[in-house]
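These notes are about the structure you will find just below.
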2 protein chains.
Amino acid sequence: MTRDIPDIAVSRLPLYLRALGHLESNGQQITSSKELAAILGSSAAQIRKDLSHFGEFGKQGTGYHVAHLNRQLRRILHADLVWDVVLVGAGHLGNALLHNQGMARRGYRIVAAFDHDPEKVGTRIGNVIIQNNQRMRDEIQQRGIRLAIIAVPPPSARRVAHQLVEAGVKAILNYSPIALSVPDDVMVQYTDPVTHLQHMTYYLQDR
Amino acid sequence: MTRDIPDIAVSRLPLYLRALGHLESNGQQITSSKELAAILGSSAAQIRKDLSHFGEFGKQGTGYHVAHLNRQLRRILHADLVWDVVLVGAGHLGNALLHNQGMARRGYRIVAAFDHDPEKVGTRIGNVIIQNNQRMRDEIQQRGIRLAIIAVPPPSARRVAHQLVEAGVKAILNYSPIALSVPDDVMVQYTDPVTHLQHMTYYLQDR
DNA sequence: TAGATTGTTAATCGATTAACAATC
DNA sequence: TAGATTGTTAATCGATTAACAATC
């Protein structure tokens with residue numbers, strides 16, 4: 001029987017990585033749950049509890065070796081591998097993602113990009129040449145790609161998601177503000193500036 | 001004494017808006033907590049519970065009037081207002097945000113954008129003319145802007161955040177994968193594709 | 001040794017779910 | 001009226017926090 005790790009703990013590991021990256025860039029070698037909590041605005045107990053689901057990474061009395069914990073968390077998240085990602089939509093946003101250095105540097109490489117606009121197909125952005133949407137299925141299956149990013153206008157998002165799922169994609173990062181429905185074995189994460197802004201303006205009084 | 005509404009309930013209202021938008025675009029006039037739950041992959045009880053923090057929006061036996069609930073949620077989130085937003089960083093990502101139709105259409109208007117690159121300053125992207133970073137403080141204060149988006153490269157993010165806070169910004173949407181520290185009365189939301197991808201690859205087996 | 005900090009247990013807190021009276 | 005669905009209460013579940021023995 002597998003120990004059941006709460007998804008909410010998994011979801012915080014990338015934030016811990018972000019804080020560790022900060023410490024590493026400052027040349028700091030050792031940290032503590034207390035210090036990490038201060039950086040992240042959470043609690044030391046929560047960080048220790050979260051980490052305890054995955055193993056023991058620290059030393060009593062001393063704390064955590066920054067580089068070691070970084071490596072371990074990347075391993076746990078499978079972020080120590082290089083992942084191939086497909087991008088659908090080569091508009092302004094797709095263009096920005098193709099130029100995003102951070103993604104490739106952190107192991108998520110966009111290796112194929114698609115658009116239905118004949119003007120764009122065949123052009124090169126960053127390291128990839130934009131292909132016609134019709135090439136999506138073959139490309140995904142040949143390369144065995146499981147990660148996709150949707151950066152198409154809202155009206156096309158559902159259709160594209162369906163095509164990606166059909167082609168075998170297992171995880172979709174969706175930049176369109178559209179609720180997707182996918183099979184149980186496919187994950188979707190949404191990212192939408194308006195959702196974040198709405199959340200924050202709730203707390204801002206009208207003037 | 002103010003009733004205390006959980007932030008987690010607030011954070012789901014934008015998702016409910018997203019689902020309502022979908023129903024509205026299909027011309028559907030009435031919905032139910034059950035149907036919304038199916039769209040969002042949550043539970044009917046949770047949706048009713050969440051909404052109950054803010055008022056009574058439905059009719060027993062019937063459900064919710066889509067347009068009415070949409071209006072009410074937008075009002076609660078202050079998303080029925082038009083908000084002015086400043087953007088810092090006019091690179092590929094800033095460019096994409098300036099061209100993003102959805103933001104303006106949903107009431108979040110980028111009214112000023114800044115960059116430190118002299119090549120960019122003075123050029124027009126979408127409806128705004130890029131200004132030098134040095135103009136940030138004045139522009140924010142003169143217009144009384146409280147919302148900002150950071151889309152600068154990681155090394156500059158902290159400095160920019162500091163400048164925004166100094167100028168009076170109260171809510172920051174941070175596109176750089178950098179943990180910011182800000183005063184208690186300033187909100188920060190992070191958005192970073194790698195964080196989402198790492199969360200998902202945890203569940204994908206290596207092959 | 002004294003001080004610090006981990007990993008873990010138990011207590012607390014809060015969120016989710018189930019159930020149902022009210023009522024359209 | 002019968003069926004459906006809300007809003008709310010109470011029960012359950014799970015996450016966070018506090019506390020501390022272990023130990024570096």
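Just so it is clear: chains get the letters A, B, ... in the order the sequence lines come, proteins before strands, and each one is counted from 1. As a basis for the values below, the full set of heavy atoms in this structure was taken, side chains included, without hydrogen atoms, waters or symmetry mates.
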**Asked** Within the structure shown, what part of the strands sits under 4.0 Å from B/Lys34 by heavy-atom distance: base, sugar-phosphate, or nothing?
**Response**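 Answer is nothing: B/Lys34 stays at 4.0 Å or more from every strand.
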
Given 3.5 Å as the limit, does a donor-acceptor pair link the side chain of [X] with the main chain of [Y], or not?
{"X": "A/Thr201", "Y": "A/Leu197", "answer": "yes"}
{"X": "A/His78", "Y": "B/Leu204", "answer": "yes"}
{"X": "A/His162", "Y": "A/Arg158", "answer": "no"}
{"X": "A/Asn174", "Y": "A/Ile178", "answer": "yes"}

In whole Å, I'd like the distance from the [atom1] atom of [X] to the [atom2] atom of [N].
{"X": "A/Asp4", "N": "D/dC13", "atom1": "CG", "atom2": "P", "answer": "14 Å"}
{"X": "B/Ile47", "N": "C/dA15", "atom1": "CD1", "atom2": "C1'", "answer": "15 Å"}
{"X": "B/Tyr64", "N": "D/dA4", "atom1": "OH", "atom2": "P", "answer": "17 Å"}

**Item:** Assigned partner base of C/dC24, Watson-Crick or wobble definition, under 3.5 Å
**Value:**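 Paired with D/dG3.
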
**Message:** My understanding is that a pair needs two contacts under 3.5 Å, Watson-Crick or G-U wobble. By that rule, which nucleotide pairs with C/dT12?
**Reply:** D/dA15

Produce the list of close N/O pairs, under 3.5 Å, pairing protein atoms with atoms of nucleotides 20-24 of chain D; give distances to one decimal.
residue: D/dC24; atom: O4'; partner: A/Gln60; partner atom: O; Å: 3.2

**Request:** Check whether any side-chain nitrogen or oxygen of A/Ser33 sits under 4.0 Å from OP1 or OP2 of C/dT6, and answer yes or no.
**Result:**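 For C/dT6, OP1 or OP2 has a side-chain N or O of A/Ser33 closer than 4.0 Å.
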
**Request:** Counting heavy atoms from C-beta on, name the nucleotide in D/dA18, C/dA15, D/dT16 closest to the side chain of B/Ile8.
**Result:** C/dA15

**Message:** Counting only side-chain heavy atoms from C-beta out, which of D/dT5, C/dT16, C/dT6 sits nearest to B/Gln46?
**Reply:** C/dT16

**Message:** Assess whether a salt bridge exists between A/Lys170 and A/Asp185, defined as any Lys/Arg side-chain N lying under 4.0 Å from an Asp/Glu carboxylate O.
**Reply:**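 Salt bridge flag = yes for A/Asp185 with A/Lys170.
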
**Note: A/Asp50-A/Arg12 ion pair, threshold 4.0 Å (strictly below)** = yes

